[in-house]
*Asks:* 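I'd like to ask some things about the structure below.
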Amino acid sequence: MYFVGVDLAWGERRPTGLAVLDEQGQLVHVSAATSDGEIVAALTPYVEDACLVAIDAPLIVTNTTGNRAAEAALNKDFARFDAGAHPSNTGKPEFSEQPRGARIAARLGLDMNPRSRRARRAIEVYPHPATVALFRLGRTLKYKNKPGRDLEQLRAELMVLIGRVEGLAAADPRLVVEGAPWTALRSAVESARRKSELRIVEDQVDAVVCAYVALFATRRPELTTTYGDFETGYIVTPTLPDDLTATPRGRAAPETRDPVAAVREYAEHHQELQLAADQYVRLVTSILDEAGINYLTVTGRAKSVASFAAKAARTVEGRPLYADPLREITDQIGIRVITYVLSDVQAVADLFEDQVVVHDDRDLGQETAGEGRFGYASRHLLVGLDPARERQGGYELLRGRQAQIQIRTVLQHAWAEFEHDIRYKGTIPDEHVPDFDRRFTLAAGLLELADREFSTIRDRLREGVTGPVAEAEDDDPRLSPRELAAFLAGQYADAGWSRTDHYAWIAGLVLELGISSLAELGEALRSVDAEALKERMEYRYPPGAVRRLDDALLWVYGDTYVDLRGNAHRAPALRARLAKMGRAG
């Protein structure tokens, strides 16, 4: 049996949304059509056998003026939620003869009697009251284009609806919308530049709601109300919960913050939030570079308005997951640090513990392992600006703002991205889910093993590389990065590797000091009291080889090193380090 939703346009020039669910509540079809012929052609494969088609349009209209009795009764319950029905009567041209909804039902050969027991039927539904009842809304979502509503408001509220629809995966009956067609609708909302683009998606999302009402009415008749009757017209909708109250106009309900209001406020500040994310990227990058820790990339973003809206709309057993989305959704700013090996993940986490305020620290890989499973592995830190930096320039937008920092190895990141892409964009048939789960688990186990082997390989190489590496000569007077890396591996055997580009960077500083050979560099470092330097710097994390050399050169050359042209951008930080060494002045 199929459950079909039709968000029927008034005329054949505007798109009609179509959606079809199977008996398991899986979305199997969603599209838009215009003419009656296109609608009939698209739905015919799904209505040849048992079906229930829920049409958002009047099917039966007999009154000459005013509201139908069904509309008057529904409005008594739902008008205070802004979910009242518009009047339908034969005085309107679209209902003067056979309504379009009835015409479509007739062409498909469907019985329109809501009390009928026939296998192939059509019923009239109305998405607005349905969403109020299903999602326990204080007022309807304002995703319909009306005067005074701009593109971003429409986008945000439509994303809230999309999020609520996705939340029906945990409802009874269950609705499953995952898959490429639904993903395409979500992406279209996120990328829409005109209201007309949102309208096409809106019709199809409404059609999905209509299809779910058909499923709900079949599986939960005790929680379904039919306003009116077959003789004068009717509307079928999930029953309004007795304890649901309308949100007073102009403010949210006292027990929770209205997610729609939160989304609007989030959208208003999104541009500033993106600038704050950029500042966090610069902060994290500078902390890692200053420490000399090796990493592949640092990236960041402010959560999109659409993603925030979808998260704010999540529900558990019909109630909002977030009472105050703006406060409780903590990944509004997300930073991702990709390292090469597992030991670097811990080093980065230790570094942030020392350099910023860590409000929360979750090792999701360890949690997964603690459950005896292989799977998603990532270190998640919730951080804020430390008091010392709050007084510094360049971080104004970070004051009072937190960021979630994800730290992963390259292999952990590859697994997470691939697994997310497959599960989010692809629909896996139920019978294949165990096999896919097994294969993802196997892949996760293999990648964990590979991560460990890469750590071992790096450690072995670091222990064994103590001499210069022959390279082809060129015209660059600097020490070659490979030669310098090999030299430092022997000089600082306990230090971690640094980023490849950092070896070239410090080679330039070495040249500014007039050093052009490894022999000269070794002679310059001979006067460094390595143990005293380590004690005074109080390293709380494993500094990379380049950082160790950087500190050693600062120890030897003092102000001369600080004043090098290549250090102009970090002179204050170097002077602070020099003071810590006890060698300032």
Side-chain angles (χ1 to χ4, degrees), residues 187 190-191 263 265-312 325-340 344-365 376-386 388-390 392-417 420-421 424 499 501-502 541 569-570 573:
S187 298
E190 294 174 344
S191 61
V263 171
E265 185 174 341
Y266 184 82
E268 289 174 1
H269 296 93
H270 188 258
Q271 186 173 5
E272 182 179 290
L273 201 65
Q274 184 58 58
L275 294 175
D278 294 341
Q279 286 191 3
Y280 257 118
V281 169
R282 289 195 292 271
L283 172 63
V284 168
T285 302
S286 67
I287 289 173
L288 292 172
D289 288 348
E290 176 72 10
I293 289 182
N294 195 17
Y295 64 93
L296 176 62
T297 58
V298 176
T299 57
R301 59 94 185 106
K303 197 175 194 68
S304 71
V305 175
S307 295
F308 180 86
K311 198 164 187 177
L326 286 171
R327 181 178 60 83
E328 296 174 21
I329 296 177
T330 57
D331 63 343
Q332 296 175 28
I333 295 177
I335 309 297
R336 183 171 291 157
V337 178
I338 306 298
T339 72
Y340 288 98
D344 288 338
V345 172
Q346 184 61 50
V348 172
D350 290 343
L351 173 62
F352 288 138
E353 185 71 38
D354 182 53
Q355 295 292 315
V356 295
V357 178
V358 177
H359 299 284
D360 189 36
D361 182 353
R362 292 187 62 192
D363 188 337
L364 300 187
Y376 180 75
S378 184
R379 191 76 172 264
H380 287 191
L381 307 180
L382 183 63
V383 308
L385 205 61
D386 59 297
R389 285 191 174 88
E390 284 187 345
Q392 297 177 10
Y395 303 124
E396 296 83 2
L397 296 178
L398 306 190
R399 294 166 188 160
R401 280 195 169 103
Q402 297 179 346
Q404 184 188 89
I405 302 179
Q406 296 181 356
I407 314 168
R408 305 174 181 167
T409 68
V410 175
L411 293 180
Q412 289 173 341
H413 181 61
W415 185 91
E417 290 297 294
H420 177 269
D421 188 71
Y424 186 68
R499 281 173 59 84
D501 58 328
H502 286 183
Y541 41 83
H569 67 289
R570 61 188 191 123

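Source: prediction; values computed, not measured.
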*Asks:* Please report the interatomic distance CD(Gln406) to OG1(Thr299), rounded to the nearest 0.5 Å.
*Replies:* 9.0 Å
*Asks:* If we only count heavy atoms from C-beta on, is the Asp360 to Arg362 side-chain gap below 4.5 Å?
*Replies:* yes
*Asks:* Counting N and O atoms only, with roles assigned by atom type, does the side chain of Gln274 sit under 3.5 Å from a partner on the main chain of Ala302, one being a donor and the other an acceptor?
*Replies:* yes
*Asks:* Check whether any side-chain heavy atom of Val284 sits under 4.5 Å from a side-chain heavy atom of Val337, and report yes or no.
*Replies:* yes
*Asks:* Under 3.5 Å, is there a donor-acceptor pair between the side chain of Asp363 and the main chain of Arg379?
*Replies:* no
*Asks:* Does the side chain of Leu296 reach to within under 4.5 Å of the side chain of Val410, using non-hydrogen atoms?
*Replies:* yes
*Asks:* Mind listing the closest non-hydrogen atom pair of Glu265 and His269 along with its distance?
*Replies:* O-ND1, 2.9 Å
*Asks:* Identify the heavy atoms of Ile335 and Ala277 that sit nearest to each other, and give their distance.
*Replies:* CD1-O, 4.0 Å
*Asks:* Ala312 and Val263: which non-hydrogen atoms are nearest, and at how many Å?
*Replies:* CB-CG2, 4.3 Å
*Asks:* Does Tyr266 use its side chain to pair, donor to acceptor, with the backbone of Lys303 at less than 3.5 Å?
*Replies:* yes
*Asks:* State, with a plain yes or no, whether a side-chain heavy atom of Val348 is found less than 4.5 Å away from one of Thr339.
*Replies:* yes
*Asks:* List the atom of Gly384, the atom of Tyr280, and the distance in Å for their closest heavy-atom pair.
*Replies:* CA-OH, 3.6 Å
*Asks:* Working to the nearest 0.5 angstrom, can you tell me the gap between His359 NE2 and Leu382 CG?
*Replies:* 6.0 Å
*Asks:* Could you grab the distance from atom OH of Tyr395 to atom CG of Leu283, nearest 0.5 Å is fine?
*Replies:* 4.5 Å
*Asks:* To the nearest 0.5 Å, how far apart are CD in Gln402 and CG in Leu381?
*Replies:* 12.0 Å
*Asks:* Show the numbers, then the answer: is there a side chain to side chain contact (heavy atoms under 4.5 Å, CB included) between Phe308 and Leu326?
*Replies:* CA-CA 9 Å; Phe308 180 86; Leu326 286 171; 3.8 Å; yes
*Asks:* When you measure from the side chain of Gln404 to the backbone of Ile333, do you find a donor-acceptor pair of N or O atoms at a distance under 3.5 Å?
*Replies:* no
*Asks:* Is it true that Tyr295 and Asp289 share a donor-acceptor pair across their side chains at a distance under 3.5 Å?
*Replies:* yes
*Asks:* Do Lys311 and Asp331 make a side-chain contact, defined as non-hydrogen atoms from C-beta onward lying under 4.5 Å apart?
*Replies:* yes
*Asks:* Which heavy atom in Glu190 sits nearest to a heavy atom in Ser307, and how many Å separate them?
*Replies:* OE2-OG, 4.2 Å
*Asks:* Kindly say whether Ile407 contributes a backbone atom to a donor-acceptor pair with the side chain of Arg336 at under 3.5 angstrom?
*Replies:* no
*Asks:* Apply salt bridge (charged side-chain N to carboxylate O under 4.0 Å, His left out) to the pair Glu396 and Arg401, showing each step before the final yes or no.
*Replies:* CA-CA 10 Å; Glu396 296 83 2; Arg401 280 195 169 103; over 6 Å; no
*Asks:* Any side-chain heavy atom of Leu288 sitting closer than 4.5 Å to one from Val298?
*Replies:* yes
*Asks:* Is it the case that the side chain of Arg389 and the backbone of Gln355 share a donor-acceptor pair, with hydrogens and angles ignored and the cut-off at 3.5 Å?
*Replies:* yes
*Asks:* Looking at every heavy atom in both Leu397 and Leu275, which two are closest together, and how far apart are they?
*Replies:* CD1-CB, 3.5 Å
*Asks:* Within a strict 4.5 Å, meaning less than it, do heavy atoms of the Leu385 and Val357 side chains meet?
*Replies:* no
*Asks:* Please report the interatomic distance CZ(Arg408) to CG(Leu411), rounded to the nearest 0.5 Å.
*Replies:* 12.5 Å
*Asks:* State, yes or no, whether a side-chain contact exists between Arg570 and Ser286 at a heavy-atom distance under 4.5 Å.
*Replies:* no
*Asks:* Apply side chain to side chain contact (heavy atoms under 4.5 Å, CB included) to residues Ile293 and Leu351 and explain how you reach the verdict.
*Replies:* CA-CA 9 Å; Ile293 289 182; Leu351 173 62; 3.8 Å; yes
